[in-house]
Amino acid sequence: MTTPTDERARADFIREIIAADVRSGKHDTVVTRFPPEPNGYLHIGHAKSIGLNFGVAREFSGRCHLRFDDTNPTKEEMEYIESIERDVRWLGYDWGEHHYHASDYFERLYEWAVHLVREGKAYVDDLSADEIREHRGTLTEPGKDSPWRSRSVEENLDLLGRMRQGEFPDGARVLRAKIDMASGNINMRDPVLYRILHASHPRTGDAWCIYPTYDFTHGQSDAIEGITHSLCTLEFEDHRPLYDWFLDNLPVPSRPRQIEFARLNLSYTVLSKRRLLQLVREGHVRGWDDPRMPTISGIRRRGFPPKAIRDFTEMIGIAKRDSVVDVAMLEHCVRDVLNQEARRGFAVLRPLKVVLENFPEDQVEELEAVNNPEDPGAGTRTVRFSRELYIEREDFMEEPPRKFYRLAPGREVRLRYAYFITCQEVVKDEAGEVVELRCTYDPATRGGDAPDGRRPKATLHWVSGAHAVSAEVRLYEHLFTRPDPGADGDFAADLNPKSLEVVEGCLLEPALAEVPAGETVQFERLGYFCADPDSTPDRRVFNRTVTLRDTWAKIQARTGGPTKA
RNA sequence: UGGGGCGUGGCCAAGUGGUAAGGCGCGGGGCUUUGGACCCCGGAUCGAAGGUUCGAAUCCUUCCGCCCCAGCCA
């Protein structure tokens, strides 16, 4: 119920514009597009754009195209195309038949380039990249016209044709629009339309050796596909005059409108391709799908449900203000979904042995446990109980501080779905470390209720020693120690050395050993955990997706109390 | 001394002249066989200063702050 339903998404300024366009009859079908460049992995920031574009399309009964902006063969690869498709699908979106590539339009784009040349609105420039930069001027000074700016149409046509034929080496010449070298908007100072790149393209192979730039491609691609609203991030706001210039000066079949919104920033997280790549290359994480990564593949492996990502993208809204969303909001969405859907089980991460002195040596009892208190339909399961059990080390304290109400010497607690037990004796090793608890159980409390109405302050999870399955559990914390990594310089210096803790020798109730890789379950009282693909039949591996809200941890943090155990 | 944007509670974010929604977080309390979930309660005068108006976060003026742009990247 805290989850916004898909149909009721908030009307942000973009949806308002679109709604108005529909109302006025400007468009009868709303068409959007998600236009990734296939040069990297998708991350949570892309999810915001995906959620917006596909969400808008669905809300207005329109459609959303998936279009790869593959205009730079030196950076793009087929591998990325596949991972992007998989990630968008996993997020729960469907582009139907509308799967395109900017490279599908290369021929048409070229014709349009010729058109501009014929109109005297584009020219071939022989200046080098450095010279072009020098001529461009600065932010406060106007640029200077290239000496090649006034070539004849015939010469430009000839040169452009020869560029295409491959007569010139990379960088020898470019095709530029003839707009205004004195414009305050640098994008309008005769932007480059085509560059020579003798590179093989993932899709068009060696058919081309000149490739259109983003600016000369995006708007026209939108127009070709009949995109009505082209939604992009703020840094393209400066490009809009150029986007419109092409639409104004070319015989395009439709008139899309570009609207910009603020990209996502997340606290304790880094989202630029460059930084993400650096994390992988320098080995700060185990790969693109490391569960600590904000990539869609990392998030998936971590155990975040796609629904949580969708909820999150709706919850954060769309606006033009630069902002940093608290990662706690994402975690909230994850817990919200998992609380509803994840089945529960008992797992003890750091086992402490408990021997029930008054429980028969070889007896095993079967008790009934609820699989998901939020979902009666999930049913129940049987858990086995015996004389030797294990509880969480941190659930016992020999000298309990004021607000600690779990197990302690002489204290009685409830073992969930089982019995009340009382700690009678603490066994330590030579080092003085607690290695075992001798306890007694109350046979009258079977199932967890006392006939006399006694109610222990605490209920603990546990596993039966004879039946438990061991596992490795990977505990994650934020990858960075501060909300704004890199604000003081090198973001790598803000890496959290404790972002990954591998705990071996964890004990699972048998049912948890069956959880298939990719499924997320709740380890009661601890958090949500996702079975990792690294799991093998004799080595179960789980990733902690997110902890449960932990009031006790907060109290400890506040009182500065150390976490014994 | 260029151009384009943005400034509402700790973080997101509604509000479009009529007297500040909601969410996250945080702090209280209730309930509880997860110190989970769930349920209550608690906080802003809207970057600043002027002005217009019966009335302004919403209109005007000035100022301050922050972000983006000088790739043949997207």
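Chain naming here is simple, since letters A, B, ... match the order of the sequence lines and numbering starts at 1 in each. The basis for the numbers below is simple: all heavy atoms, side chains too, and nothing from hydrogens, waters or symmetry mates.
- For the C1' atom pair drawn from G36(B) and G17(B), the interatomic distance equals 47 Å after rounding to whole Å.
- In this model, a side-chain donor or acceptor of D238(A) finds a partner on the base of G3(B) within 3.5 Å.
- When heavy atoms are screened at a 4.0 angstrom cut-off, Q340(A) is found touching no nucleic acid atom at all.
- The pair D104(A)-R67(A) does not count as a salt bridge, with every side-chain nitrogen at least 4.0 angstrom from each carboxylate oxygen.
- For E260(A) against G4(B), no side-chain N or O and base N or O form a donor-acceptor pair under 3.5 Å.
- For T140(A), the side-chain atoms get nearest to G2(B) when compared with the rest of C72(B), U16(B), G2(B).
- Taking the side chain of I186(A) as heavy atoms from C-beta on, and the options A74(B), A13(B), C69(B), the nearest nucleotide is C69(B).
- Salt bridge E392(A)/R406(A): absent, no basic N to carboxylate O contact under 4.0 Å.
- On the P atoms, C67(B) is 15 Å away from U8(B), given to the nearest whole Å.
- The residue P241(A) sits apart from the nucleic acid: no heavy atom pair falls under 4.0 Å.
- At G4(B), none of the side-chain N or O atoms of R240(A) fall inside 4.0 Å of OP1 or OP2 (strictly under the cut-off).
- For U34(B), the OP1/OP2 oxygens have a side-chain nitrogen or oxygen of R416(A) closer than 4.0 Å.
- In the set A14(B), C24(B), G35(B), C24(B) carries the atom at the smallest distance from any side-chain atom of A328(A).
- In this structure A20(B) sits in no base pair that meets the Watson-Crick or G-U test at under 3.5 Å.
- Across all strands, T551(A) comes closer than 4.0 Å only to sugar-phosphate atoms, never to a base (heavy-atom distances).
- Comparing A70(B), A14(B), G35(B) against the side chain of D12(A) picks out A14(B) as the nearest.
- Contact annotation for F216(A): no contact, since no heavy-atom pair falls under 4.0 Å across all strands.
- Glycosidic conformation of G71(B) is syn; the angle stays within 90° of 0.
- Taking NE2 of H218(A) as the reference point, atom OH of Y105(A) lies at 10.5 Å (rounded to 0.5 Å).
- Side-chain atoms of V174(A) lie closest to C72(B) of the nucleotides C24(B), C72(B), G36(B).
- Counting non-hydrogen atoms under 4.0 angstrom, I132(A) reaches a base of the nucleic acid.
- Between F542(A) and F523(A), the ring center distance clears the sub-6.0 Å criterion.
- Under the 6.0 Å distance and 45° angle rule, R454(A) does not count as a cation-pi partner of F420(A).
- Under 4.0 Å is where a charged nitrogen must lie from a carboxylate oxygen, and between D550(A) and K554(A) no such pair does.
- Proximity of R321(A) to the phosphate of C11(B): no side-chain N or O atom is located under 4.0 Å from OP1 or OP2.
- Residues passing the side chain to side chain contact (heavy atoms under 4.5 Å, CB included) test with D488(A), sequence neighbours excluded: R482(A).
- Of the two residues near RNA chain B, L234(A) and K48(A), the one whose nearest nucleotide lies more 5' is L234(A).
- Both thresholds, 5.5 Å between centres and 30° between ring planes, are not jointly met by Y214(A) relative to the base of A74(B), so the two rings are not stacked.
- At the phosphate of C72(B), neither OP1 nor OP2 sits under 4.0 Å from any side-chain N or O atom of R133(A).
- Contact annotation for N39(A): no contact, since no heavy-atom pair falls under 4.0 Å across all strands.
- Contact between the side-chain N/O atoms of S128(A) and the OP1/OP2 oxygens of C72(B) is not found at any separation under 4.0 Å.
- Aromatic ring centres of Y214(A) and F236(A) lie closer together than 6.0 Å.
- Considering only side-chain N and O atoms, R455(A) lies nowhere under 4.0 angstrom from the phosphate OP1 or OP2 of C31(B).
- An OP1 or OP2 oxygen of G35(B) is reached within less than 4.0 angstrom by no side-chain nitrogen or oxygen of K403(A).
- Across A48(B) and G7(B), the matching C1' atoms stand 11 Å from one another, rounded to whole Å.
- Across C12(B), G35(B), G71(B), the shortest atom-to-atom separation from the side chain of R136(A) is found for G71(B).
- Side chain of K554(A), nearest nucleotide from C26(B), C12(B), G36(B): C26(B).
- Within the nucleic acid shown, N72(A) comes within 4.0 Å of sugar-phosphate atoms alone, with no base atom in reach, counting heavy atoms only.
- Looking only at side-chain heavy atoms (C-beta outward), F396(A) and L460(A) stay at 4.5 Å or farther from each other.
- K273(A) comes within contact range of no nucleotide atom at all, as no heavy-atom separation falls under 4.0 Å.
- Taking the centre of each ring, W462(A) and F385(A) come in below the 6.0 Å mark.
- Across all strands shown, G25(B) forms no Watson-Crick or G-U wobble pair with both key distances under 3.5 Å.
- Residue L548(A) has its side chain nearest to G36(B) when only G36(B), C38(B), C67(B) are considered.
- For the OP1/OP2 pair of C73(B) and a distance below 4.0 Å, the side-chain nitrogens and oxygens of R195(A) include at least one atom meeting the criterion.
- Considering only side-chain atoms of M315(A), the nucleotide from G27(B), G23(B), A74(B) that sits closest is G23(B).
- At a threshold of 4.0 angstrom between heavy atoms, the contacts of Y405(A) include nucleobase atoms, whether or not backbone atoms are also involved.
- Separating the C1' atom of A74(B) from that of U62(B) is a span of 39 Å, rounded to the nearest Å.
- Nearest nucleotide to the L139(A) side chain, out of G2(B), C67(B), C11(B): G2(B).
- Rounded to whole Å, the C1' atom of G27(B) lies 13 Å from the corresponding atom of G10(B).
- Within 3.5 Å, no donor on the side chain of H135(A) pairs with an acceptor on the base of A70(B), nor the reverse.
- Seen from the ring of F346(A), R416(A) does not count as a face-on cation partner, given the 6.0 Å and 45° thresholds.
- Within 4.0 Å (heavy atoms only), T138(A) reaches at least one base atom of the nucleic acid.
- For the pair R176(A) and C72(B), the criterion of a side-chain N or O lying under 4.0 Å from OP1 or OP2 is not met.
- Going from the C1' atom of G23(B) to that of A44(B) covers 16 Å, rounded to whole Å.
- The side chain of H461(A) places no N or O atom within less than 4.0 Å of a non-bridging phosphate oxygen (OP1 or OP2) of U34(B).
- Remark: C63(B) base-pairs with G47(B). Criterion, Watson-Crick or G-U wobble with two distances under 3.5 Å.
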Review item, nucleotides 40-45 of chain B N/O atoms under 3.5 Å of protein N/O:
none

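- The ring of Y194(A) has its center no closer than 6.0 angstrom to the ring center of Y211(A).
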